[in-house]
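What follows is a set of notes on a single structure, which appears directly below.
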Amino acid sequence: MPVLQTDKAGFLLDGRPFRFLSGGLHYFRVHPEQWQDRLRKARLMGLNTVETYVPWNLHQPRPDRFVLDGGLDLPRFLDLAAAEGLHVLLRPGPYICAEWEGGGLPSWLLSEPDIRLRSRDPRFLAALDDFFGRLFPPLRRHLASQGGPILAVQVENEYGAYGDDTAYLQHIADALRGHGVDVPLFTCDQPVDLERGALPGVLATANFGSRSAHHLAALRALRPEGPLMTTEFWIGWFDRWGARHVVRDSGDAARELDEVLADGASVNFYMFHGGTNFGFTNGANDKHTYRPTVTSYDYDAPLDEAGDPTEKYTAFRDVIAKYAPVPSGPVPAPGAKLAVSAVRLTESAELLPSAAASAPRIDSRRPLTMEELEQDFGFVLYETTLPLRGPTLLEIEHVRDRAQVFVDGQPVGVLERENHEHSLAFTVPRAGSVLSILVENQGRVNYGQGIHDRKGLLGAVLLDGVEPVAWTNRPLPLTGQEDIPFSVTTSTPVGPAFHRGTFEVTEAADTFLHLDGWTKGNAWVNGFPLGRYWSRGPQRSLYVPAPVLRAGTNEVVVLELHAGPRARTVDFRETPDLGPTEE
């Protein structure tokens, strides 16, 4: 069995010098039927290791429920990696960042109003210990000490950018050891945070994407002996709504890689293959302004969102070949793609009436947060009665994150957290009208103190300066579509509505759903949640993995939050549109 050790010069594997040539590949961002394909392409590029985070929020969606199957079957992913001859760097958090919803921390932690995440708060540590106690027993056979592929396990994640409590990090290291993790541990931090995030006796590694020699020198200054490693070698970047699609020149990235390897360091590309934030799983950043991340996690990586090699794949393979053996043979060819034009969505169901008929109703004296409603993702519909007719001012202390406002079902405005909007004026047509506020969780913040990011309507909600004391709350997680009352569309709905259509496929293949003319919402194919779309871009298509499709009749459902196009058609095309790369 391979055993990873360190000496004054670097890593040793079974007593022989070893260098990590690794790439990020998150199993939870890739359809499970495509794991093997992505792992094989990692090996063919010359990698000997893959790295993955572990999203606590998906594996433990409620305190008493743990999931380790289907698209979260981490043991199967590890078996597939081992079958390809790949080692694994495991990064179980508990916090992972990853531009992932809440940095991977489960939303139910935030039901405690004063909990301090990523700290020695006893409630957080108890939940963390419980999570590790559920996660690691099924993973022990996958540790290298037991003949498995996991060579090393990370302690927390970039903690130096968040805090400096060494005792907290030590608790995590002790918990990992207590749950049977007997392989080497490591931390990772950006160079300026190395001292704050390091843990005595644990390997320290650095995250960067440029000025490699300078940053490796900073790491060497902190740790005069032992291996040099960059756990996140940033070769691309993520996108946010309303900005450009970020790319990085492959030649520039390859030159930096050459510099890292020439210095004798180990490397893990962030990312080798980015994948997709399917459904509602994207995160967000909030550095004084809230910025949600898009659905695609293409990351301008060596493998694109559909798993096809890019220029970086070839460029990196050529650099790696200077330092290590690379499998012979050509670069893998792009996969087959599918095109189906002008799919008509002929059935619809308005969201607000559907919610009133099928979503559970919870009465309260104030709007309840998603966390109080035990809801992770999706929307909440809040309603109250307007006592007077005439001009009215609505004021909301905190909109988390986007509120569509309706009076008797008619749209009267939108309030967006991103734009720091808190008030809206409208006219009430009659006493007793119903005020409806549909609030979308656009992604919990995944970085910094903003991870304490509760969703819904927070704080005071005032109508003409008075706080209503009778509200109904309807959670809309949109995890299934069985109860949507579709009927043949006879007119374009004025408010949020589901639209459904069917299309025929002869042979399943990857494709990209294009929603030209649509404004904002979510899409599903055969019940699989593709993610969010938004006309503000940059992303203007959604990746559809081949395993989601089937030969014969397939179904597409679009939730449009505003008025949809008159034609109500969508296209499946062979190429994506991730947006312009220039402002």
Side-chain angles (χ1 to χ4, degrees), residues 23-45 47 50 52 71 77 80 99 235-239 245-248 250 269-279 281-282 293-317 330-341 343 503 505-515 523-526 528-533 537-550 554 556 570-579 581:
L25 174 55
H26 301 158
Y27 60 96
F28 48 94
R29 280 183 159 128
V30 180
H31 193 285
E33 291 184 33
Q34 297 174 322
W35 289 346
Q36 186 172 29
D37 171 78
R38 305 322 193 234
L39 290 164
R40 179 181 61 86
K41 289 170 179 172
R43 177 180 58 80
L44 292 177
M45 197 178 83
L47 301 186
V50 291
T52 186
F77 178 82
L80 290 172
E99 291 73 58
I235 50 81
W237 207 246
F238 59 93
D239 293 345
H245 171 48
V246 182
V247 296
R248 181 178 183 183
S250 59
F269 303 124
Y270 196 93
M271 298 287 297
F272 164 69
H273 172 50
T276 308
N277 298 314
F278 291 119
T281 57
N282 66 277
T293 303
V294 305
T295 294
S296 172
Y297 204 64
D298 176 271
Y299 220 85
D300 196 33
L303 288 190
D304 67 15
E305 190 173 6
D308 291 334
T310 67
E311 283 187 12
K312 282 197 178 85
Y313 188 98
T314 301
F316 287 3
R317 192 185 195 210
V331 170
K337 301 295 185 295
L338 173 74
V340 183
S341 298
V343 176
F503 60 100
V505 169
T506 301
E507 185 175 355
D510 284 345
T511 188
F512 299 90
L513 174 63
H514 289 249
L515 295 120
W524 296 258
V525 167
N526 293 331
F528 183 88
L530 302 180
R532 310 176 202 256
Y533 68 89
Q539 179 178 0
R540 297 187 182 278
S541 64
L542 292 171
Y543 172 56
V544 185
V548 168
L549 299 172
R550 53 181 175 248
N554 294 260
V556 56
V570 298
D571 295 312
F572 293 90
R573 299 175 189 164
E574 296 179 342
T575 56
D577 182 357
L578 296 181
T581 59

Donor-acceptor contact below 3.5 Å, side chain [X] vs main chain [Y]:
X      : Y      : answer
Arg317 : Leu44  : yes
Gln539 : Ser296 : yes
Thr511 : Arg573 : yes
Lys41  : Gly307 : yes
His514 : Val570 : no
Lys312 : Ile235 : yes
Asp577 : Ser541 : no

For the residue pair [X] and [Y], what are the closest heavy atoms and their distance?
X      : Y      : value
Asp308 : Pro334 : OD1-CA, 3.3 Å
Ala509 : Ala546 : C-CB, 3.4 Å
Asn277 : Thr281 : C-OG1, 3.2 Å
Phe512 : Ala306 : CZ-CB, 3.9 Å
Gly531 : Leu542 : O-CD1, 4.0 Å
Gly579 : His245 : O-CB, 3.6 Å

Test side-chain contact (heavy atoms from CB on, under 4.5 Å) applied to Thr52 and Leu25, step by step: CA-CA 6 Å; Thr52 186; Leu25 174 55; 6.0 Å; no
Parallel, tilted or perpendicular: ring planes of Phe238 versus Tyr299, cut at 30 and 60 degrees: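 Answer is tilted, since the angle falls between 30° and 60°.
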Parallel, tilted or perpendicular, as decided by the 30° and 60° cut-offs, for the rings of Phe272 and Tyr313: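 Plane angle between 30° and 60°, so tilted.
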Criterion side-chain contact (heavy atoms from CB on, under 4.5 Å) on Trp35 and Val30, from CA distance to verdict: CA-CA 7 Å; Trp35 289 346; Val30 180; 3.8 Å; yes
Please round to the nearest 0.5 Å and tell me the distance separating atom [atom1] of [X] and atom [atom2] of [Y].
X      : Y      : atom1 : atom2 : value
Thr276 : Tyr297 : OG1   : OH    : 11.5 Å
Leu47  : Phe269 : CG    : CZ    : 6.0 Å
Phe528 : Leu549 : CZ    : CG    : 10.5 Å
Asp510 : His31  : CG    : NE2   : 10.5 Å
Asn282 : Arg29  : CG    : CZ    : 9.0 Å
Glu99  : Asp239 : CD    : CG    : 10.5 Å

Atom CD of Gln34 with >12 non-hydrogen neighbours under 6.0 angstrom: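 Correct, the count exceeds 12.
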Verdict with reasoning, Leu530 to Val544, per side-chain contact (heavy atoms from CB on, under 4.5 Å): CA-CA 7 Å; Leu530 302 180; Val544 185; 3.7 Å; yes
Asp298 vs Tyr543, side-chain contact (heavy atoms from CB on, under 4.5 Å): CA-CA, chis, key distance, verdict: CA-CA 10 Å; Asp298 176 271; Tyr543 172 56; over 6 Å; no
Quick check: do [X] and [Y] have side-chain heavy atoms less than 4.5 Å from each other?
X      : Y      : answer
Val294 : Pro538 : yes
Pro576 : Glu305 : no
Phe572 : Leu338 : no

